[in-house]
Amino acid sequence: MAGYARLTGFHLDVLREVGNIGAGHAATALSELLGKTVDMRVPSVNIVSLQEMTELLGGTETVVAAIYLRMLGDAPGSMFFMLPLNQSKKLVSHLLAGEPYDPAEGVYSELTLSALQEAGNILSGSYLSALSDLTGMNIQPSVPSLSIDMAGAILGYGLIEISKSSDYAIIINTSLTEPENMHSDSIHGYFFLLPDPDSFEKIFDALGVPLHE
(Lines give C-alpha, C1' and ligand atoms only; values in the text may rest on other atoms or scores of the structure.)
Protein backbone atom coordinates (compact mmCIF):
# COMPACT_ATOMS: atom_id res chain seq x y z
CA MET A 1 0.00 0.00 0.00
CA ALA A 2 1.36 3.39 -0.94
CA GLY A 3 1.04 4.93 2.52
CA TYR A 4 3.28 2.32 4.03
CA ALA A 5 5.79 2.51 1.20
CA ARG A 6 6.38 6.18 2.00
CA LEU A 7 7.19 5.54 5.66
CA THR A 8 10.76 6.50 6.54
CA GLY A 9 12.97 5.97 9.58
CA PHE A 10 11.79 9.38 10.81
CA HIS A 11 8.15 8.28 10.65
CA LEU A 12 9.03 5.16 12.65
CA ASP A 13 10.84 7.33 15.22
CA VAL A 14 7.63 9.35 15.64
CA LEU A 15 5.62 6.15 16.06
CA ARG A 16 8.16 4.91 18.61
CA GLU A 17 7.65 8.10 20.60
CA VAL A 18 3.89 7.51 20.54
CA GLY A 19 4.60 3.99 21.77
CA ASN A 20 6.89 5.17 24.57
CA ILE A 21 4.32 7.69 25.81
CA GLY A 22 1.60 5.03 25.66
CA ALA A 23 3.85 2.63 27.57
CA GLY A 24 4.39 5.29 30.22
CA HIS A 25 0.64 5.77 30.60
CA ALA A 26 0.09 2.01 30.80
CA ALA A 27 2.89 1.53 33.35
CA THR A 28 1.32 4.15 35.60
CA ALA A 29 -2.14 2.56 35.34
CA LEU A 30 -0.82 -0.97 35.92
CA SER A 31 1.31 0.18 38.86
CA GLU A 32 -1.79 1.66 40.50
CA LEU A 33 -3.77 -1.51 39.79
CA LEU A 34 -1.09 -3.83 41.17
CA GLY A 35 0.13 -1.62 44.01
CA LYS A 36 3.75 -2.00 42.87
CA THR A 37 6.05 -0.38 40.35
CA VAL A 38 5.75 -1.62 36.79
CA ASP A 39 8.08 -0.50 34.01
CA MET A 40 7.11 -0.70 30.34
CA ARG A 41 9.38 -0.10 27.37
CA VAL A 42 9.10 -0.13 23.61
CA PRO A 43 12.22 -1.85 22.24
CA SER A 44 11.21 -1.36 18.61
CA VAL A 45 8.55 -0.21 16.18
CA ASN A 46 8.34 -1.68 12.68
CA ILE A 47 6.09 -2.20 9.69
CA VAL A 48 5.24 -5.83 8.94
CA SER A 49 3.08 -7.64 6.43
CA LEU A 50 -0.04 -9.40 7.64
CA GLN A 51 1.71 -12.73 7.02
CA GLU A 52 4.66 -11.66 9.18
CA MET A 53 2.31 -10.96 12.10
CA THR A 54 1.78 -14.66 12.71
CA GLU A 55 5.47 -15.43 12.17
CA LEU A 56 6.44 -12.97 14.92
CA LEU A 57 4.12 -14.79 17.30
CA GLY A 58 5.74 -18.14 16.56
CA GLY A 59 3.61 -19.37 13.69
CA THR A 60 -0.06 -19.88 12.90
CA GLU A 61 -0.49 -22.73 15.41
CA THR A 62 1.02 -20.85 18.38
CA VAL A 63 -1.65 -20.32 21.05
CA VAL A 64 -1.91 -16.68 22.07
CA ALA A 65 -4.05 -14.42 24.24
CA ALA A 66 -5.33 -11.53 22.17
CA ILE A 67 -7.27 -8.34 22.81
CA TYR A 68 -8.95 -6.94 19.71
CA LEU A 69 -10.69 -3.59 19.34
CA ARG A 70 -11.67 -1.05 16.74
CA MET A 71 -10.26 2.48 16.77
CA LEU A 72 -13.22 4.84 16.45
CA GLY A 73 -13.47 8.56 15.76
CA ASP A 74 -11.27 10.72 13.55
CA ALA A 75 -8.87 7.92 12.55
CA PRO A 76 -10.67 4.58 12.33
CA GLY A 77 -8.67 1.38 12.36
CA SER A 78 -8.05 -1.83 14.23
CA MET A 79 -5.76 -2.83 17.08
CA PHE A 80 -4.56 -6.16 18.44
CA PHE A 81 -2.59 -6.67 21.65
CA MET A 82 -1.20 -10.19 21.57
CA LEU A 83 0.78 -12.31 24.02
CA PRO A 84 2.08 -15.83 23.40
CA LEU A 85 0.49 -18.14 25.96
CA ASN A 86 3.63 -18.47 28.08
CA GLN A 87 3.88 -14.68 28.31
CA SER A 88 0.18 -14.32 29.19
CA LYS A 89 0.70 -16.78 32.07
CA LYS A 90 3.50 -14.56 33.39
CA LEU A 91 1.23 -11.53 33.16
CA VAL A 92 -1.56 -13.34 35.02
CA SER A 93 0.85 -14.31 37.82
CA HIS A 94 1.68 -10.61 38.26
CA LEU A 95 -1.93 -9.47 38.06
CA LEU A 96 -3.24 -12.06 40.52
CA ALA A 97 -0.36 -12.19 43.00
CA GLY A 98 -1.95 -12.76 46.40
CA GLU A 99 -5.31 -13.68 44.89
CA PRO A 100 -6.88 -17.10 45.54
CA TYR A 101 -6.33 -18.60 42.12
CA ASP A 102 -4.74 -21.87 41.04
CA PRO A 103 -1.94 -21.38 38.47
CA ALA A 104 -2.50 -24.99 37.38
CA GLU A 105 -5.77 -23.84 35.82
CA GLY A 106 -3.75 -21.89 33.25
CA VAL A 107 -5.40 -18.85 31.71
CA TYR A 108 -8.84 -20.31 31.08
CA SER A 109 -10.51 -19.75 34.44
CA GLU A 110 -13.03 -16.95 34.82
CA LEU A 111 -10.68 -15.08 37.17
CA THR A 112 -7.66 -15.20 34.88
CA LEU A 113 -9.68 -14.29 31.80
CA SER A 114 -11.09 -11.30 33.67
CA ALA A 115 -7.57 -10.22 34.69
CA LEU A 116 -6.29 -10.49 31.12
CA GLN A 117 -9.29 -8.54 29.84
CA GLU A 118 -8.65 -5.75 32.35
CA ALA A 119 -4.93 -5.61 31.50
CA GLY A 120 -5.77 -5.49 27.81
CA ASN A 121 -8.23 -2.66 28.40
CA ILE A 122 -5.59 -0.66 30.27
CA LEU A 123 -2.81 -1.25 27.77
CA SER A 124 -4.90 -0.62 24.66
CA GLY A 125 -6.54 2.45 26.15
CA SER A 126 -3.16 3.88 27.16
CA TYR A 127 -1.73 3.60 23.66
CA LEU A 128 -4.80 5.09 22.01
CA SER A 129 -4.85 7.89 24.59
CA ALA A 130 -1.23 8.72 23.75
CA LEU A 131 -2.00 8.73 20.03
CA SER A 132 -5.05 10.93 20.60
CA ASP A 133 -3.13 13.38 22.80
CA LEU A 134 -0.21 13.74 20.39
CA THR A 135 -2.37 14.15 17.29
CA GLY A 136 -5.15 16.20 18.85
CA MET A 137 -7.57 13.80 17.19
CA ASN A 138 -10.58 12.13 18.74
CA ILE A 139 -9.61 8.44 18.81
CA GLN A 140 -11.64 6.17 21.06
CA PRO A 141 -11.51 2.39 21.57
CA SER A 142 -14.49 0.15 20.99
CA VAL A 143 -15.32 -2.40 23.67
CA PRO A 144 -12.34 -4.80 23.50
CA SER A 145 -12.82 -8.53 23.05
CA LEU A 146 -10.51 -11.23 24.45
CA SER A 147 -9.69 -14.47 22.65
CA ILE A 148 -7.34 -17.34 23.46
CA ASP A 149 -6.70 -19.44 20.38
CA MET A 150 -4.11 -20.21 17.73
CA ALA A 151 -2.61 -17.05 16.24
CA GLY A 152 -3.67 -18.03 12.75
CA ALA A 153 -7.30 -18.47 13.80
CA ILE A 154 -7.48 -15.15 15.63
CA LEU A 155 -5.74 -13.13 12.94
CA GLY A 156 -7.52 -14.94 10.15
CA TYR A 157 -10.88 -13.95 11.62
CA GLY A 158 -9.89 -10.39 12.56
CA LEU A 159 -8.14 -9.59 9.31
CA ILE A 160 -10.79 -10.74 6.84
CA GLU A 161 -12.11 -7.21 6.33
CA ILE A 162 -8.81 -5.43 7.06
CA SER A 163 -6.90 -7.31 4.36
CA LYS A 164 -9.25 -5.93 1.72
CA SER A 165 -7.77 -2.46 2.21
CA SER A 166 -4.36 -3.03 3.78
CA ASP A 167 -1.45 -5.44 3.50
CA TYR A 168 0.63 -4.16 6.42
CA ALA A 169 0.50 -3.39 10.13
CA ILE A 170 2.48 -1.22 12.54
CA ILE A 171 3.99 -3.44 15.23
CA ILE A 172 4.96 -1.95 18.60
CA ASN A 173 7.05 -4.40 20.63
CA THR A 174 6.32 -4.02 24.33
CA SER A 175 8.31 -5.22 27.34
CA LEU A 176 6.95 -5.15 30.91
CA THR A 177 9.09 -5.63 34.03
CA GLU A 178 9.04 -5.07 37.79
CA PRO A 179 12.26 -3.10 38.46
CA GLU A 180 12.00 -3.68 42.21
CA ASN A 181 11.95 -7.46 41.76
CA MET A 182 15.34 -8.74 40.56
CA HIS A 183 13.85 -12.20 39.94
CA SER A 184 11.04 -10.88 37.76
CA ASP A 185 11.22 -11.95 34.11
CA SER A 186 10.27 -9.49 31.41
CA ILE A 187 6.89 -10.01 29.78
CA HIS A 188 6.93 -9.50 26.01
CA GLY A 189 3.88 -8.69 23.93
CA TYR A 190 2.97 -7.05 20.65
CA PHE A 191 0.65 -4.24 19.63
CA PHE A 192 -0.47 -4.39 16.03
CA LEU A 193 -1.99 -1.13 14.76
CA LEU A 194 -3.86 -1.25 11.49
CA PRO A 195 -5.22 2.21 10.63
CA ASP A 196 -7.75 2.28 7.82
CA PRO A 197 -6.19 3.63 4.58
CA ASP A 198 -7.38 7.23 4.95
CA SER A 199 -6.47 7.23 8.64
CA PHE A 200 -2.78 6.72 7.92
CA GLU A 201 -2.54 10.05 6.11
CA LYS A 202 -4.58 11.81 8.80
CA ILE A 203 -2.44 10.52 11.68
CA PHE A 204 0.88 11.57 10.19
CA ASP A 205 -0.48 14.92 9.03
CA ALA A 206 -1.64 15.57 12.60
CA LEU A 207 1.78 14.50 13.96
CA GLY A 208 3.46 17.04 11.69
CA VAL A 209 5.25 14.44 9.53
CA PRO A 210 3.03 14.08 6.44
CA LEU A 211 3.51 11.11 4.17
CA HIS A 212 3.21 13.10 0.97
CA GLU A 213 6.31 14.74 -0.43
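Predicted model only: the values in this text are computed from it and were never measured.
Within the model, atoms CG of Leu193 and CD1 of Ile172 stand 4.5 Å from one another, a figure rounded to the nearest 0.5 Å. Expressed to the nearest 0.5 Å, how far CG of Leu57 lies from OG1 of Thr62 amounts to 7.0 Å. Note that the OG1 atom of Thr60 and the CE atom of Met150 stand 7.0 Å from one another [nearest 0.5 Å]. Here the CG atom belonging to Leu91 is positioned 6.0 Å from the CG atom belonging to Leu83, to the nearest 0.5 angstrom.
Sorted by first then second residue, the side chain to side chain donor-acceptor pair (under 3.5 Å) pairs that include residues 125-136, not counting sequence neighbours, are Tyr127-Thr174. Residue pairs meeting the salt bridge (Lys or Arg N to Asp or Glu O under 4.0 Å) criterion with at least one partner in residues 49-65, sequence neighbours excluded, are absent.
No donor-acceptor pair closer than 3.5 Å links the side chain of Gln140 to the backbone N or O of Leu72. Gln117 places a side-chain N or O within donor-acceptor distance of the main-chain N or O of Pro144, the cut-off being under 3.5 Å.
Residues passing the side-chain hydrogen bond (donor to acceptor under 3.5 Å, both in side chains) test with Asp13 are Arg16, sequence neighbours excluded.
The only member of Val38, Thr37, Asp39 that meets side chain to side chain contact (heavy atoms under 4.5 Å, CB included) when paired with Thr177 is Asp39.
The two residues Ser199 and Pro195 make their nearest non-hydrogen contact at CB-CB, 3.9 Å. Of all the heavy atoms in Ala65 and Leu116, the pair that sits closest is CB-CD1, 4.4 Å. The two residues Gly77 and Asp196 make their nearest non-hydrogen contact at CA-OD1, 3.5 Å. Considering all non-hydrogen atoms of both residues, Met137 and Lys202 come closest at CE-CB, 3.8 Å. Pairing each heavy atom of Met79 with each of Ser124, the nearest pair is SD-CB, 3.8 Å. When all heavy atoms of Ile122 and Ala29 are compared, the pair lying nearest together is CG2-CB, 3.5 Å.
Looking at heavy atoms from C-beta onward, Val18 lies out of side-chain contact with Val45 at the 4.5 angstrom threshold. Looking at Ile154 and Met82, their side chains come closer than 4.5 Å, going by heavy atoms from C-beta outward. Leu194 places a side-chain heavy atom less than 4.5 Å from the side chain of Phe80. Contact annotation: the side chain of Asn121 never approaches that of Leu69 to less than 4.5 Å [non-hydrogen atoms, C-beta and beyond]. In this structure, the side chains of Met71 and Leu128 come closer than 4.5 Å at one or more pairs of heavy atoms. You'll find the side chain of Leu123 reaches within 4.5 Å of the side chain of Leu30, heavy atoms only. Looking at Ser78 and Arg70, their side chains come closer than 4.5 Å, going by heavy atoms from C-beta outward.
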Let me see the working for Ile148 and Leu113 under side chain to side chain contact (heavy atoms under 4.5 Å, CB included), right down to the final yes or no.
-> CA-CA 9 Å; Ile148 298 178; Leu113 291 174; 3.5 Å; yes
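At a threshold of 4.5 Å between side-chain heavy atoms, the hydrophobic network of Ile, Leu, Val, Met, Phe, Trp and Tyr places Phe10 and Ile170 in one connected group. Under the 4.5 Å side-chain contact rule for hydrophobic residues, Leu85 and Ile67 share a cluster.
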